[in-house]
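Quick caveat: nothing in here was measured; it's all calculated off a predicted structure. All heavy atoms count here, side chains included; hydrogens, waters and symmetry mates do not.
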Protein chains: 2
Amino acid sequence: MGTSRTGAAGAASRISVSRTGRTAPAPRTGLKSPPSVSPSLPLDQILLGDCIANLEKLPAESVDVVFADPPYNLQLEQSLTRPDHSLVDAVDDDWDKFASFADYDAFTRAWLLGVRRVMKKNATLWVIGSYHNIFRVGAALQDLNFWLLNDIVWRKANPMPNFRGRRFTNAHETMIWASKSADAKNYTFHYEALKAGNDDVQMRSDWHLPICTGEERLKGEDGRKVHPTQKPEALLARILLSSSNPGDVVLDPFFGSGTTGAVAKKLGRHFIGLERDPAYAKAARARIDAAEQLSGVSIAAPPEKRAEVRVPFLALIEGGHVKPGETLVDERRRYTATVRADGTLALDSIVGSIHKIGSLVQGLPACNGWTFWHVKRDGKLVCIDDFRAKVRAEMAA
Amino acid sequence: MGTSRTGAAGAASRISVSRTGRTAPAPRTGLKSPPSVSPSLPLDQILLGDCIANLEKLPAESVDVVFADPPYNLQLEQSLTRPDHSLVDAVDDDWDKFASFADYDAFTRAWLLGVRRVMKKNATLWVIGSYHNIFRVGAALQDLNFWLLNDIVWRKANPMPNFRGRRFTNAHETMIWASKSADAKNYTFHYEALKAGNDDVQMRSDWHLPICTGEERLKGEDGRKVHPTQKPEALLARILLSSSNPGDVVLDPFFGSGTTGAVAKKLGRHFIGLERDPAYAKAARARIDAAEQLSGVSIAAPPEKRAEVRVPFLALIEGGHVKPGETLVDERRRYTATVRADGTLALDSIVGSIHKIGSLVQGLPACNGWTFWHVKRDGKLVCIDDFRAKVRAEMAA
DNA sequence: TCAAGGCTTGAATCGGCTC
DNA sequence: GGAGCCGATTCAAGCCTTG
């Protein structure tokens, strides 16, 4: 999306985006602790200058999610349009050609390392590209010990046709979603909300969205498009909604026309944009100033199952929902167990948790006792998970 | 698809596939001159043994198209269970184990070099992979001076769900289509036929096809699948129909269950299969013997499987038909809910899909949110299902 | 670090059954 | 006697979190 590349002037200047400063706090839910935001972060600003130099000025482990639309390296085509070589020659002797890929790889490693340093432990990174560069980016990510979570295909609803009829219509771009390392497992992913917004089926790795046209496309005074590869806001919205929370800090090292910043503002996220070209930065700033944050309820962090308070089975006994000595039974009435006063179950002489006894009677390695066990109430079976929901509601009230 | 890896026994044996030998000439079109077929080629045979050693025995510049399904380097850490605690039958064969990325890269370069030598000047190569390996393969192709023509996305109609809810459903695989070099411009590509078979619009780079199940899936005597990653014949058919001619020689260096051979025979192409595992080779041979060549007229590009028609509610927001923060109301204006940016609805502090919230407010077990919810437009209520119809029309256009 | 809690599908196919 | 429905089965993997 942007042009922040190596070789630009060293000094970076800041373009403050006035109306989205820290004075507008992002909406918070009561469930999560506020995100830790480093006080020295240039929030909601565009840093002008070389991408890698500016990355080095940001504090380590300070951003929650990164979206990067690096240069696609299309200029390589020219250096590769050459007479055929035998393969050994191509690798050993054609230094010029090899150097082009090596240059791109070195640039890729440099900005990835810079980004890696400023990512929080459980931050994730999105990179978008086409077949010209995405394979090199993906390999570099793996080499640098990033952990690939998904590759996402953006299927363009209205792609550019192939004019020569010599290839398939190039109708998609590829995004890679990665965490800092394989053991950074506590990254943000709003599984439940994505599923609910997708007709109650899981969100897939192929996304169907239109390219950026019409009103949304930034035009200069001459009526021509400001930026050649402006990404649609719907794409960034899905990315930020799926992998960030309100109040999070979103970094875009190739800010370009500022789609990331505009969507971040609308969705109540903070952004930091790096951009080398002053003309792009200026257009992006105006665009973001004109954007408005959506109302709280429509962008508040969705509730997550995992964040719900833990209710021990003992609390059901203490709350009078289940009585010691009562018999639990599975839905198909094949197995029974007896409730003990300490919140364990008894099966003959074996005593264990609702999960342990549930797995034992079924001969399975694991069992969610909450959904497995039932009690009789008014002649009907009631799942003990219903009582847990009641206890949770009582605790919240 | 196969297991031809380095380190196998040196001597290669040939498994002749009797009924598809050279005695059955492939059908010819009148348009092109007959292909030049090297007399020493082991046509329609499966060569048992190490993939790279066998490649070295084939004559240079002798094959017209290559399809390769190399090991994916999945690096599975532990076993995975479904929500019902049954065990997922995954790829854990030792041919998919590599010690490091460097090992995998060396293996990739070795077989790519071997393949490159036997490709005719204008031959093309298809490689399929997932995000675990495809970036490394793509970078290696570029490093070896192959010229990438397209990356093609196989969108699986019926992918495996994500059981843990920690990622997007991995619903696609990626194929790279490449020529030997940038100036090999006279490769085979049936642009017109593909377009005609695709409702007269250009064939795109995203293909929607089901995975291999049912009758087509090879089963052993024990009723279990013969090969863990058998590819669907429809996928290979589209590949061979788009980028080869009848009578051409198709090489598959990882032959596996022999999908490439079966489809090549059906479509009147010759094949050469390399496979390391005798059990796979035997199953593939039997499968190919049972296949029959289609009549000339029926060897036409398969029509695109009708694109999915399911439209998630989120698509209405992304398409600008409904705005985040807007209020939805039922036809009798008894209930309201607020649209969230992620495509869910909010009712007080409860968040869920249009269906879930619809059923909740009515106290019913189920609700079709599409017909239940409305928005105000010009003072009148408009059903959100009307917008879904519009989005469908846009997707079809 | 280890043990335990507890949370997690969707599409296709096929056999058997009902209208 | 089919068409159609229902439920069981099948197939797919870089898939957890807390104390």
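Spacing between atom CG of A:N368 and atom P of C:dT8 amounts to 8 Å, rounded to whole angstrom units. Distance CD (A:Q202) to P (D:dC15): 14 Å, rounded to an integer number of Å. Summarising the geometry, the separation between CG on A:D183 and C1' on D:dT17 is reported as 14 Å, rounded to the nearest angstrom. Spacing between atom CD of B:E216 and atom C1' of C:dC14 amounts to 17 Å, rounded to whole angstrom units. With rounding to whole Å, B:K156 atom NZ is found 15 Å from D:dC11 atom P. Nucleotide C:dT8 holds its P atom 20 Å from the CG atom of B:L87, rounded to whole Å. The CE-P distance, from B:M160 to C:dT8, rounds to 17 Å in whole Å. If you take CG of B:L209 and P of C:dA12, they are 12 Å apart, rounded to a whole angstrom.
In this pair, A:F189 and A:W177 present their aromatic rings tilted. The plane angle is within the 30 to 60° band. Aromatic ring orientation, B:F168 versus A:W126: perpendicular (interplanar angle above 60°, classes split at 30° and 60°).
For the P atoms, the distance linking D:dT10 with C:dT8 amounts to 25 Å, nearest Å. For D:dT17 and C:dT1, the C1' atoms lie 14 Å apart once the distance is rounded to whole Å. When the C1' atom is used for both C:dG6 and D:dC15, the distance is 15 Å, rounded to whole Å.
Where B:N158 and A:H355 each meet DNA chain C at their nearest nucleotide, the meeting point lying more 5' is that of A:H355. Position along DNA chain C of the nearest nucleotide to B:P159 versus A:F313 favours A:F313 as the more 5'-ward residue.
Phosphate proximity of C:dC7 to B:R166: absent, as no side-chain N or O sits under 4.0 Å from OP1 or OP2. Between A:R388 and the phosphate of C:dC7, there is a side-chain N or O to OP1/OP2 separation shorter than 4.0 Å. At least one side-chain nitrogen or oxygen of A:S353 sits closer than 4.0 Å to the OP1 or OP2 atom of C:dG5. Residue B:K219 places none of its side-chain N or O atoms closer than 4.0 Å to OP1 or OP2 of D:dT10.
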Worksheet item: Does the pair A:W207 and A:W154 meet the rule for a ring pair (Phe, Tyr, Trp, His ring centres under 6.0 Å), with working shown?
Response: CA-CA 5 Å; A:W207 300 358; A:W154 168 29; 9.7 Å; no
Practice prompt. For B:R136 and A:D143, run salt bridge (charged side-chain N to carboxylate O under 4.0 Å, His left out): C-alpha distance rounded to whole Å, both residues' side-chain angles, the deciding distance at 0.1 Å, then the answer.
Written response: CA-CA 10 Å; B:R136 314 204 73 82; A:D143 290 340; 2.6 Å; yes
Discussion item. Between B:K156 and B:E173, does the salt bridge (charged side-chain N to carboxylate O under 4.0 Å, His left out) criterion hold? Intermediate values first, please.
Written reply: CA-CA 8 Å; B:K156 300 181 185 181; B:E173 293 189 27; 2.9 Å; yes
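Among the heavy atoms of the strands, none lies under 4.0 Å from B:T169. Contacts of A:L149 with the nucleic acid, taken as non-hydrogen atoms under 4.0 Å apart, are absent. Among the protein residues, A:V201 comes within range of the sugar-phosphate backbone only, with heavy atoms under 4.0 Å from sugar or phosphate atoms but none that close to a base. B:Y131 comes within 4.0 angstrom of a base, heavy atoms only. Residue contacts shown for B:N73 are absent, as no nucleic acid heavy atom lies under 4.0 Å away. Among the protein residues, A:E192 comes within range of the sugar-phosphate backbone only, with heavy atoms under 4.0 Å from sugar or phosphate atoms but none that close to a base.
Of the candidate nucleotides C:dT13, C:dG6, C:dG5, C:dT13 has the atom lying nearest to any side-chain atom of B:T213. Side chain of B:R217, nearest nucleotide from D:dC11, C:dT8, C:dG6: D:dC11. Checking C:dG5, D:dC15, C:dG6 against the side-chain heavy atoms of A:K356 singles out C:dG5 as nearest.
For the pair B:R167 and A:Y187, the NZ or CZ position fails the cation-pi test of under 6.0 Å to the six-membered ring centre and within 45 degrees of the ring normal.
If you check C:dT8 for Watson-Crick or wobble pairing at under 3.5 angstrom, you find it has no partner at all. Nucleotide D:dC6 has C:dG15 as its partner under the Watson-Crick or G-U criteria, with both atom distances under 3.5 Å.
With contacts defined as side-chain heavy-atom distances shorter than 4.5 Å, the pair A:K390/A:L316 does not qualify.
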